[in-house]
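What follows is one structure encoded as structure tokens, with my remarks underneath.
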Amino acid sequence: MDPEMNSCTIIMYHYVRPIQKSSFPKIKGLELIGFRRQLNYLCNNFNIITANQMLNCIYNRNKIPSKSAVLTFDDGFKDHFSFVFPLLKKFKIQGLFFPPAKPIKEKSILDVHKIHHILANVNNKQTLVNEINHFIRNYKDEYDLDSPSKYYERLAIPNRFDTKDVIFIKRILQRDLPQKLRNIVTSYLFKKYITSDEQAFSEELYLSLDEIKEMCESGMYFGSHSYSHNWLTTLSEKELKIEIGKSLNFHHSIVKNSGDDLIMCYPYGDYNKKIIQELKKYNFKAGLTTDVGTAILNKRNAYHLMRYDTNDFPQ
């Protein structure tokens, strides 16, 4: 097969909305008008294919068009129903959506999104660093923690989107503190700077079951983004099985006859060989990473599919 015929440009989206008119104007995202312009650009320069076409290329060596592209939408935001879905229908495009199950089923807010809103609403990030360091010092003996300076030295490494302070806050609250303490700190900061009404906030932020079902009935694809959006490589074997199992129960409850096209979108892009082996046991066919590049559609790379960010293309 021609190498060009089994490669695909997979594009990753998160927040998409009219930002300044939204309930969360301080949260970074793709402006709706920019998304509309980008769809025009992509339709004029790529052949946008479906999840089924992508998987058939991987496993059956079916041909796909040259310059193929796939559009993926992470995190299950209501943005995706209110703003993305109508445009995809208009352009006759299938979007691939990956909502974590927990916030939709339990009307809670994922820590990752609590952190987004905390960061967006506190202009002085050093204030947050200081508050987090206060918790580290207070709980140091109870949890056998490192010193605040050691955490900062290890984690405060800027990337192409985040400053040192921002990436430190994200990593310390997403992953590097013990889970129980992460929840304590994140909940405290969220209540202090955002709201104490988590259920109302969740219902405004995330898709509902009825919205997901409507999107499915209109031809949109829904895959797994895990149950609670944890870093999968930090979980024990038992915890990983529970996480995947609960995610699948949710998935099967909303998507009928979905046994042969399961795709995992790794939370935070976090995966390893153990994660892939577990996914294969549950009949997952592919895994989407946050590694930047063009995806090669073959069995060898099925669980290592690279993606680009929306910001890598004209808007």
Side-chain angles (χ1 to χ4, degrees), residues 11-39 71-87 95 97-100 102-104 107-129 131-132 158-175 182-183 185-208 211 225 228-229 265 267-269 290 307-313 315:
I11 306 169
M12 172 175 54
Y13 297 87
H14 290 87
Y15 298 97
V16 181
R17 66 198 186 288
I19 294 173
Q20 293 307 314
K21 295 180 180 179
S22 74
S23 300
F24 315 117
K26 295 182 180 180
I27 291 288
K28 293 179 182 179
L30 174 59
E31 281 282 3
L32 183 58
I33 190 171
F35 180 58
R36 188 181 290 111
R37 287 194 298 260
Q38 189 167 90
L39 284 181
L71 308 188
T72 65
F73 300 86
D74 296 8
D75 290 356
F77 296 126
K78 196 171 288 289
D79 289 358
H80 300 161
F81 178 79
S82 302
F83 306 116
V84 171
F85 177 44
L87 281 174
F97 294 87
F98 298 91
K102 183 177 180 179
I104 296 168
K107 304 300 181 186
S108 60
I109 307 169
L110 296 177
D111 281 354
V112 61
H113 300 136
K114 287 182 179 179
I115 295 164
H116 286 172
H117 285 270
I118 293 164
L119 285 166
N121 282 274
V122 180
N123 292 327
N124 186 350
K125 303 304 185 281
Q126 187 60 51
T127 297
L128 293 175
V129 172
E131 291 197 77
I132 292 167
N159 61 25
R160 63 181 184 148
F161 298 123
D162 292 321
T163 65
K164 289 197 303 183
D165 282 350
V166 169
I167 203 68
F168 166 76
I169 294 163
K170 285 183 176 181
R171 292 295 176 262
I172 197 78
L173 295 181
Q174 290 170 355
R175 184 190 65 196
R182 293 201 310 266
N183 293 341
V185 179
T186 304
S187 294
Y188 167 82
L189 294 174
F190 189 78
K191 288 178 181 177
K192 179 176 180 178
Y193 292 109
I194 312 300
T195 181
S196 59
D197 192 344
E198 186 166 333
Q199 179 174 335
F201 198 92
S202 175
E203 290 175 346
E204 187 175 5
L205 183 62
Y206 297 108
L207 291 167
S208 70
E211 288 165 346
H225 203 27
S228 51
H229 203 283
C265 179
Y268 307 106
T290 55
R307 295 190 288 174
Y308 291 97
D309 188 83
T310 175
N311 293 302
D312 293 318
F313 297 89
Q315 298 171 5

Handout entry: Any side-chain heavy-atom pair of E211 and K78 under 4.5 Å
Key = yes
Problem - Backbone of P267 reached by a side-chain donor or acceptor of H229 within 3.5 Å - result: no
Exercise for the section: Starting at OG1 of T186, measure out to NZ of K191 and round the result to the nearest 0.5 Å. Expected result: 12.0 Å
Problem - Considering all heavy atoms, the nearest Q174-I115 contact - result: CG-CD1, 3.8 Å
Practice task
Look at the side chain of E31 and the backbone N and O of I19, then say whether any donor-acceptor pair between them is shorter than 3.5 Å.
Solution key: yes
Handout entry: Flag side-chain contact, heavy atom, 4.5 Å: L39 against L71
Key = yes
Problem - K164 atom NZ: more than 12 heavy-atom contacts under 6.0 Å - result: no
Practice task
Kindly give the heavy-atom pair with the smallest separation between Y206 and L110, and that separation in Å.
Solution key: OH-N, 3.1 Å
Problem - Shortest non-hydrogen separation from K114 to S187 and the atoms involved - result: NZ-OG, 3.6 Å
Fill in the blank from the handout: Rounded to the nearest 0.5 Å, the CD1 atom of I109 sits from the CD atom of E198 at a distance of 4.5 Å
Practice task
Answer yes or no: is there a side-chain heavy-atom contact under 4.5 Å between V129 and E131?
Solution key: no
Fill in the blank from the handout: CZ of F168 to CG of D162, rounded to nearest 0.5 Å, is 13.5 Å
Handout entry: Heavy-atom side-chain proximity of L119 to K170 below 4.5 angstrom
Key = yes
Practice task
Please assess S208 against E203 for the test side chain to side chain contact (heavy atoms under 4.5 Å, CB included), listing each intermediate value before the final yes or no.
Solution key: CA-CA 7 Å; S208 70; E203 290 175 346; over 6 Å; no
Practice task
Nearest 0.5 Å please: distance from the CG atom of L128 over to the CG atom of D165.
Solution key: 9.0 Å
Completion exercise
What one should report as the nearest heavy-atom pair of R17 and F24 is NH2-O, 2.8 Å
Exercise for the section: Just do the side chain to side chain contact (heavy atoms under 4.5 Å, CB included) check on K125 and V166 with the steps written out, would you? Expected result: CA-CA 7 Å; K125 303 304 185 281; V166 169; 4.2 Å; yes
Handout entry: Inter-residue atom distance L207.CG - S82.OG, 0.5 Å rounding
Key = 8.0 Å
Exercise for the section: Taking H80 for its side chain and H14 for its backbone only, find out whether a donor-acceptor pair lies under 3.5 Å. Expected result: yes
Exercise for the section: Apply the test side chain to side chain contact (heavy atoms under 4.5 Å, CB included) to residues N311 and R160: give CA-CA distance (whole Å), side-chain angles for both, the deciding distance (0.1 Å), then the verdict. Expected result: CA-CA 11 Å; N311 293 302; R160 63 181 184 148; over 6 Å; no
Problem - Charged N-O contact under 4.0 Å between R182 and D111 - result: no
Handout entry: 4.5 Å side-chain heavy-atom contact, H113 and F77
Key = yes
Problem - pair T163-P158: side-chain heavy atoms closer than 4.5 Å - result: no
Exercise for the section: Could you go through the side chain to side chain contact (heavy atoms under 4.5 Å, CB included) check for K102 and S108 one step at a time? Expected result: CA-CA 7 Å; K102 183 177 180 179; S108 60; 3.8 Å; yes
Handout entry: Expected output: side-chain T72 to main-chain I11 donor-acceptor under 3.5 Å
Key = yes
Completion exercise
Heavy-atom closest pair (P100 atom, G76 atom, distance to 0.1 Å) is CD-N, 4.1 Å
Problem - R307/D74 ion pair, N-O < 4.0 Å - result: yes
Exercise for the section: Give me the one residue out of F98, F83, Y13 that meets ring pair (Phe, Tyr, Trp, His ring centres under 6.0 Å) with F73. Expected result: Y13
Handout entry: Test item: V16 and L87 side chains (from C-beta on) under 4.5 Å apart, heavy atoms
Key = no
Problem - Side-chain heavy-atom pair H117, F201 within 4.5 angstrom cut-off - result: yes
Problem - Interatomic spacing from CG in L189 to CD1 in I118 - rounded to 0.5 Å - result: 5.0 Å
